[in-house]
Chemist: 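I have a structure here, written as structure tokens, and I will follow up with some questions on it.
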Amino acid sequence: MTSPIRTERHDNVLVVISDNPPVNALGQAVRAGLKDAIEEALSDDGIEAVVIRCDGQTFFAGADITEFGKPPVGPNLPETLDAMEASDKPVVAAIHGTALGGGCEVALACHYRVAVPSAKLGLPEVKLGLIPGAAGTQRLPRLVGAEAALPLVVDGNPISAKKAQSVGLIDALAGEDSLEAEAIAFAKSRIGQPVPRASEGKANDDGVRDPDLFDRFRASQARKIRGFDAPNSAIEAVKAAGELSYAEGVKKERELFMKLMTGTQSAAMRHYFFAERAANKIDDVPNDTPLIPIRKIGVIGAGTMGGGISMNFLSAGIPVTILEMANDALDRGVRTVRTNYESTAKRGRMTAEQVEKAMGLLTPTLSYDDLADCDLVIEAVYENMEVKKQVFGKLDEVVKQGAILASNTSYLDIDEIATATTRPGYVVGMHFFSPANVMKLLEVVRGKETRHDVLATVMKLSKAIGKVAAVSGVCPGFIGNRMLSKRQEQANELIMEGANYWDVDDVLLDFGFPMGPFQMADLAGIDIGWHRDPTKVTTIREALCAAERFGQKNGKGFYDYDEARNRTPSDEVKRIIADFAAKEGKERREISKDETRERLLYPMVNEGAKILEEGMAQRASDIDVVWINGYGWPLYTGGPMFWADTIGLHTVATGLEEYGLPVSDRLRSTAEGDGKFNDKP
Ligand code: T1G
């Protein structure tokens, strides 16, 4: 098999080129080819300098993640990079696309780095539950200092070539179309000079001058890295660069790397990496399905959802016509969109020009006729089947043939909505999660007759607006809310049986969720869907509403809130719950945190198994993608189905039986076969 690495001589410069689509991952063949090419350059006296570059969309985008978890096959990257750095002939990295992970480490081991302005450089290993494993945590701080190194290694987000140049990570920018030529010229200009080696630099002068730097940085990341192992290891590795020799620092990095590589968190996050990409694929919709061009979008409803949905497209440069029934609602909706953008700009994440550009793409209207030439219309009106069918009936009359008609419904039957039109093939669900301009998840609900081109277009569009899409079949609650209802049922049961509601919340918080069910209820509003009759009290929530405990919005719900929104359990709520339990003759008892966690999460896994059994999700990993992106399931456990695989499906099935809870056939049969939901087919 031909090597993905080839070399070309340009006078006395050897250009080493990788051609390993799609992202020049540093798989075994690439590493072997790199090693051979470097040995060729070092042994040939006619070669006085080396340039390393890649064909295709990007410079090396990291180690080959598909090789992880398998027995390592040499040559290993660190040794190859050490041999290259040891060269006395200048080695220049010519960077385009994204030099990530091991790719950035290749660049760091080169003596110089030249990049095009559109290039990005980063060490995203933490996003895989790892830290750099080829001396990135030791060379980077020696090149740019601790302050610039920490966000790169601990956050894992890439920086632009311009920013990289400003911190000393790259030496020069090249023209977008003249990278190789300029890198060769740069290499020639350094022939005969002593080569600068990042490993020989003094690390972390800033960290030495300001030893609190590391603790301050860790504190600043506390909320974001809660529960994750890798970020703390990354900080430790960068800190070690300023305290140990290079060789000892590399040893320390290797030790931290191996501990993470063999841990459950990295396995879970590597699972998620591929799960997110797999979710965008629809098994029976060919990749080359022709797409419907989307030039203009209509959104019906300018409320919180309609406004948030619109922002996704406006921010991606797609014009939106937003429709309301009354002027004041329309004006309020448009004002809210502008306010949201302006607060983003205040946080420095948008410029004023970008705000105006986005707002300039928004056309408010009171008339359906203005939607006639839309390629896609998304309704975000009141969650009522009759209302939805009226809207779709109207759209069917007004909107041009071939346009996609989507509903943002969170649980209603898409097939029934489609009966209100003469074009069921063009009807699809696009279930956004609130706040729609922030939450990454998009549940794409496929009706019985939804066409392939409609599905392919919506999946492609979801990537364009930065969403993570997963396809659901038509069932109440689709994937996410259907599983959420099982957790909610148990949460309500547990507090009637004696569990404190704040302990129930804490169990999920400790598991890694951003908040528990009762905190979520307070945030969303206890009175959502309340019949407004305080004399009619049949549930705990109705009792809270009757006591005007509407949630955070009026300072009291399940919890009491002070001005700073700190929450404390409420004696009134404790009494309300105790009264309800007494009325229902519930024996109250102490309930352990383990029982609470198992009764909240195992029924969700069981419902996920039923969703798979019914074909409502294409694959178990799609369910993981839904829960990580839509409900804050902790990424470092891989999602509900991967987590169940990790703790063992026997454990889940037995646990459910112990609590007298149902075990689906799919869960039982997979457990009995010692299988896993995420077993590769
Ligand atoms: N290894 C294997 N496959 C990869 C890959 C990788 N590193 N990166 C991408 N792919 C596959 C991906 O699964 C998909 O496959 C296809 O390429 C296109 O990807 C030693 C230990 C580079 C920004 O974490 O961030 O280096 O679905 O859809 O949107 O210290 O891919 O087509 O079959 O994402 O254009 C560190 C991960 C590894 C970078 C391009 N590197 N990749 O985005 O395409 S650990 C990363 C990305 C490491 C060292 C450590 C993105 C991208 P398929 P895509 P894209």
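Whatever order the structure lists them in is the order used to number ligands and atoms, beginning at 1.
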Chemist: Provide, to 0.1 Å, the distance between atom 7 (N) of ligand 1 and the closest protein heavy atom, together with that atom's residue and name.
Modeler: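 For this ligand atom, the closest protein heavy atom is Ala63 O, 2.9 Å.
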Chemist: Among protein heavy atoms, which lies nearest atom 18 (C) of ligand 1, and at what distance?
Modeler: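 Protein heavy atom with the smallest distance to atom 18 (C) of ligand 1: Pro22 CG, 4.2 Å.
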Chemist: Return yes or no for this condition: an N or O of Gly133 is under 3.5 Å from an N or O of ligand 1.
Modeler: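 N/O-N/O distance under 3.5 Å: yes.
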Chemist: As an exercise, state the distance from CE of Met641 to CH2 of Trp627, rounded to the nearest 0.5 Å.
Modeler: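 Going from the CE atom of Met641 to the CH2 atom of Trp627 covers 12.0 Å.
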Chemist: Would you please classify the geometry between the Phe642 ring and the His271 ring as parallel, tilted or perpendicular, with 30° and 60° separating the classes?
Modeler: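 Aromatic pair His271/Phe642 classed parallel.
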Chemist: Can you tell me if Lys127 contacts ligand 1 (heavy atom of the residue under 4.0 Å from the ligand)?
Modeler: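 No, Lys127 has no heavy atom closer than 4.0 Å to ligand 1.
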Chemist: Check Ile318, Asp375, Ile404 against Leu461 for a side chain to side chain contact (heavy atoms under 4.5 Å, CB included) and give me the one that passes.
Modeler: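 One option only clears the test, and that one is Ile318.
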Chemist: Could you tell me how the ring of Phe433 sits relative to the ring of His431: parallel (under 30°), tilted (30 to 60°) or perpendicular (over 60°)?
Modeler: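 If you compare the ring of Phe433 with that of His431, the planes turn out tilted.
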Chemist: Can you tell me the protein heavy atom closest to atom 29 (O) of ligand 1 and the distance?
Modeler: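 Minimum-distance protein heavy atom for atom 29 (O) of ligand 1 reads Lys463 NZ, 4.4 Å.
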Chemist: Looking just at side-chain N and O atoms, do Ser220 and Arg216 make a donor-acceptor pair shorter than 3.5 Å?
Modeler: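 Note: Ser220 and Arg216 side chains miss the donor-acceptor criterion.
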Chemist: Within 45° of the axis and under 6.0 Å from the centre of the six-membered ring of Phe214, does NZ or CZ of Arg218 qualify?
Modeler: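 That pair does not qualify as a cation-pi contact.
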Chemist: Please report which non-hydrogen protein atom sits nearest to atom 25 (O) of ligand 1, along with the residue it belongs to and the distance in Å to one decimal place.
Modeler: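 The closest heavy atom on the protein side is Leu100 CD1, 3.9 Å.
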Chemist: So is Glu125 polar-close to ligand 1, meaning N/O to N/O under 3.5 Å?
Modeler: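 Among all N and O atoms of Glu125, at least one is under 3.5 Å from an N or O of ligand 1.
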Chemist: Would you say Ala61 has any N or O atom under 3.5 Å from an N or O of ligand 1, going by distance alone?
Modeler: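 N/O-N/O distance below 3.5 Å exists for this pair.
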Chemist: Hey, could you give me the CZ/CD1 distance between Phe478 and Ile611, rounded to the nearest 0.5 Å?
Modeler: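 Separation between the atoms: 11.5 Å.
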Chemist: For residues Glu253 and Thr137, is any side-chain donor paired with an opposing acceptor at under 3.5 Å?
Modeler: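 Yes, Thr137 and Glu253 have a side-chain donor paired with an acceptor closer than 3.5 Å.
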Chemist: Could you tell me if Asn312 and Lys467 have a donor-acceptor pair between their side chains, going purely by distance under 3.5 Å?
Modeler: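 Result is yes, a qualifying pair exists.
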Chemist: Identify, for atom 19 (O) of ligand 1, the protein heavy atom at the shortest distance, and state residue, atom and that distance.
Modeler: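 Residue, atom and distance for the closest contact: Arg277 NE, 4.0 Å.
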Chemist: Going by distance only, is there an N or O of Ile65 that falls short of 3.5 Å from an N or O of ligand 1?
Modeler: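 Yes.
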Chemist: For ligand 1 and Thr98, I'd like to know whether there is a polar contact (N/O to N/O, distance under 3.5 Å).
Modeler: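 No.
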Chemist: Starting from atom 33 (O) of ligand 1, what is the nearest protein heavy atom, named by residue and atom, and what distance separates them?
Modeler: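 For atom 33 (O) of ligand 1, the nearest protein heavy atom comes out as Lys281 NZ, 4.3 Å.
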Chemist: Please say whether Phe273 places an N or O atom under 3.5 Å from an N or O atom belonging to ligand 1.
Modeler: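 Phe273 vs ligand 1: no N/O contact under 3.5 Å.
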Chemist: Rounded to the nearest 0.5 Å, how far apart are CG of Asn24 and CG of Asp64?
Modeler: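 Answer for the CG-CG pair, Asn24 versus Asp64, is 11.5 Å.
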Chemist: Select the closest option to atom 3 (N) of ligand 1 among Phe257, Phe60, Phe274, judged by heavy-atom distance.
Modeler: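 Looking at heavy atoms only, Phe274 sits closest to atom 3 (N) of ligand 1.
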Chemist: Can you confirm, on distance only, whether ligand 1 has an N/O atom lying under 3.5 Å from any N/O atom belonging to Val23?
Modeler: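 In fact, backbone or side chain, Val23 has no N or O that close.
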Chemist: Report, in ascending order of atom number, the atoms of ligand 1 lying under 4.0 Å from any heavy atom of Gly62.
Modeler: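 Answer for ligand 1: 26 (O), 41 (N).
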Chemist: Protein heavy atoms near atom 46 (C) of ligand 1, is at least one of them under 4.0 angstrom away?
Modeler: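 Yes, there is a protein heavy atom closer to it than 4.0 Å.
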Chemist: What protein heavy atom is closest to atom 30 (O) of ligand 1, reported as residue, atom name and distance in Å?
Modeler: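 Answer for atom 30 (O) of ligand 1: Glu105 OE1, 2.5 Å.
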Chemist: For the residue pair Asn157 and Lys127, confirm or rule out a side-chain donor-acceptor distance under 3.5 Å.
Modeler: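 Yes, because at least one side-chain N or O of Asn157 sits under 3.5 Å from a partner of the opposite role on Lys127.
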Chemist: Tell me, which protein residue and heavy-atom name are nearest atom 44 (O) of ligand 1, and how many Å apart are they?
Modeler: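 Closest protein heavy atom to atom 44 (O) of ligand 1: Gln57 NE2, 4.5 Å.
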Chemist: Could you check whether atom 27 (O) of ligand 1 has a protein contact, counting only heavy atoms that fall below 4.0 angstrom?
Modeler: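 Under the 4.0 Å cut-off, atom 27 (O) of ligand 1 does have protein heavy-atom neighbours.
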